[in-house]
There are 2 protein chains.
Amino acid sequence: MPRFYQSVTTDIVIFTIEESILKVLLIKRAKEPFKDQWALPGGFLTENEEPEKAAIRILKDKAGVSNIYMEQLYTFPGSGRDPRGNVITIAYFALVPRSRIEIQETAKAQTPIFRSVKKLPDIAFDHNRIITYALKRLQSKLEYTNAVYSLLPKYFTFNQLQNAYEIILSRKLDKRNFRKKFFQLGLIKLTKKIHRGERQRPAKLYQFKLHRPAELKKFF
Amino acid sequence: MPRFYQSVTTDIVIFTIEESILKVLLIKRAKEPFKDQWALPGGFLTENEEPEKAAIRILKDKAGVSNIYMEQLYTFPGSGRDPRGNVITIAYFALVPRSRIEIQETAKAQTPIFRSVKKLPDIAFDHNRIITYALKRLQSKLEYTNAVYSLLPKYFTFNQLQNAYEIILSRKLDKRNFRKKFFQLGLIKLTKKIHRGERQRPAKLYQFKLHRPAELKKFF
DNA sequence: CCAAAAGTGTTGACTGTACACCCATGT
DNA sequence: ACATGGGTGTACAGTCAACACTTTTGG
């Protein structure tokens, strides 16, 4: 059987919540094709590099974060991606609390920004399709995993938690039912800390028991 | 950024039900590495071939089927797959009713056989891992899609349907509850055909309304 | 008439959903 | 004192799970 070689890239959909909006990290492409257009951070696999390693490397290089929720999304065919021939891309998605992101100096030339997933600019390649796919996956992951832990700071209020769900699912949830259900899941625990300083009743702060992916039985 | 090239393969986990056992198609490797060991059908992408096209091609070449339920499973890294260097593999899984499979002449040298997923022989590469992953995916797909349609013949009895679920999920289901729930889903319709010839009460035959993938709200 | 699988409803437990008011603070 | 988000319980509806007997055929 003949052996062929392909170009393989990874692209990462990095989600965060900022100002109550779900946003995705985009960078401006420095090179052709699609020079100066917005695109997902990504790049070619280096020689013998494992795809997941490449995704972790890119996450570190562009957003300065590591050790966050990340999973493989799908491998997209290259149709039309690149004039020079087919390129397949292994897409990942990652969740980061806004506070942990430090845009790296090396990446600043590419003017990385977070854009609302609801108001995306024109985007290079088929990255729009990838983002749509990632959003669907994220929504369904909320329903049967503890993935949110990776969008929230270490200590958070129940309302922050609920807001994350509402923002991602784009719908209101009942406060009492949400608290009841989520607390029964046993994923989080009450801490002794209290969030003060706003001009209203202080809020109790919670934290996740686990800071790594876990599956649940059921959910929302 | 430098551009590297990778070898990319596809492997397909082809499931079928035969004699009330869930089985996977394996072939004997004709070449090194892992010559004469059992492996999933698969192969290198040809030049500029889209991964899904390659999977369809292999399905046709080895098992003689087309137009069945198939979806991308995951892209596995090549660690240790091939002594000559890293190879990544894009894995797919497919569901075929046993009756539709015609092992192709061209493939017979590789002595393809269906083996029970519960009693697999020694398998080349990391294909065991891929099969395990595929099985998990299949089980969860049963719960929120109509995927079974692709394991059953055109006309089938309610018991065949239930057996398919029981075999894949490895647990007994309550007959009355299963019928009630499944019928409410509205995926199948009663036909006027009747299955006779066994020495017991004849069974009504049903068929799926759709013979393509569909998502449901909920399930089992 | 016997063996074997086909077919059919009801009940109690549980889960999900809808809904409104008081509380603690900062200004 | 008041505005703001924090925090709490109950009742009804819908869904899930357990369970046993009659029917229809072929041999």
query = Whole Å only: how far is the CG atom of D174(B) from the P atom of dA20(D)?
reply = 11 Å

request  = Starting at atom CZ of R196(B), determine the distance to atom P of dT23(D), rounded to an integer number of angstrom.
outcome  = 18 Å

query = Do Q162(A) and E166(A) have a side chain donor and acceptor closer than 3.5 Å?
reply = yes

request  = Provide, to the nearest angstrom, the distance between the NE2 atom belonging to H195(A) and the P atom belonging to dA24(C).
outcome  = 18 Å

key: Check: dA20(C) base within 3.5 Å donor-acceptor of R176(A) side chain   = yes

ask   = Where the side chain of N177(B) is concerned, which of dA18(C), dA18(D), dG26(D) is the nearest nucleotide?
value = dA18(D)

message = What is the distance, to the nearest angstrom, from the CD atom on E198(B) to the C1' atom on dT24(D)?
response = 14 Å

request  = Mark yes or no for a side-chain to base donor-acceptor pair under 3.5 Å between K204(B) and dT23(D), with no hydrogen or angle criteria applied.
outcome  = no

Crowding at CG, D174(B) (>12 non-hydrogen neighbours, <6.0 Å) = yes

salt_bridge(E71(A), K141(A)) N-O dist < 4.0 Å = yes

request  = May I have the distance from R201(A) (atom CZ) to dG5(D) (atom P), rounded to whole angstrom?
outcome  = 14 Å

request  = Would you state whether a donor and an acceptor, one from the side chain of K180(A) and one from the base of dT15(C), lie under 3.5 Å apart?
outcome  = no

query = Counting only distance, no hydrogens or angles, is the base of dT27(C) paired donor-acceptor with the side chain of R199(A) under 3.5 Å?
reply = no

query = For the ring pair Y133(A) and F93(A), is the centre-to-centre distance below 6.0 Å?
reply = no

request  = Would you kindly give the CD-to-P distance between Q200(A) and dG7(D), to the nearest whole Å?
outcome  = 10 Å

Rounded distance in Å - CD (Q184(A)) to P (dT17(C)) = 13 Å

ask   = Atom NZ of K172(A) to atom C1' of dA18(C): distance rounded to whole Å?
value = 16 Å

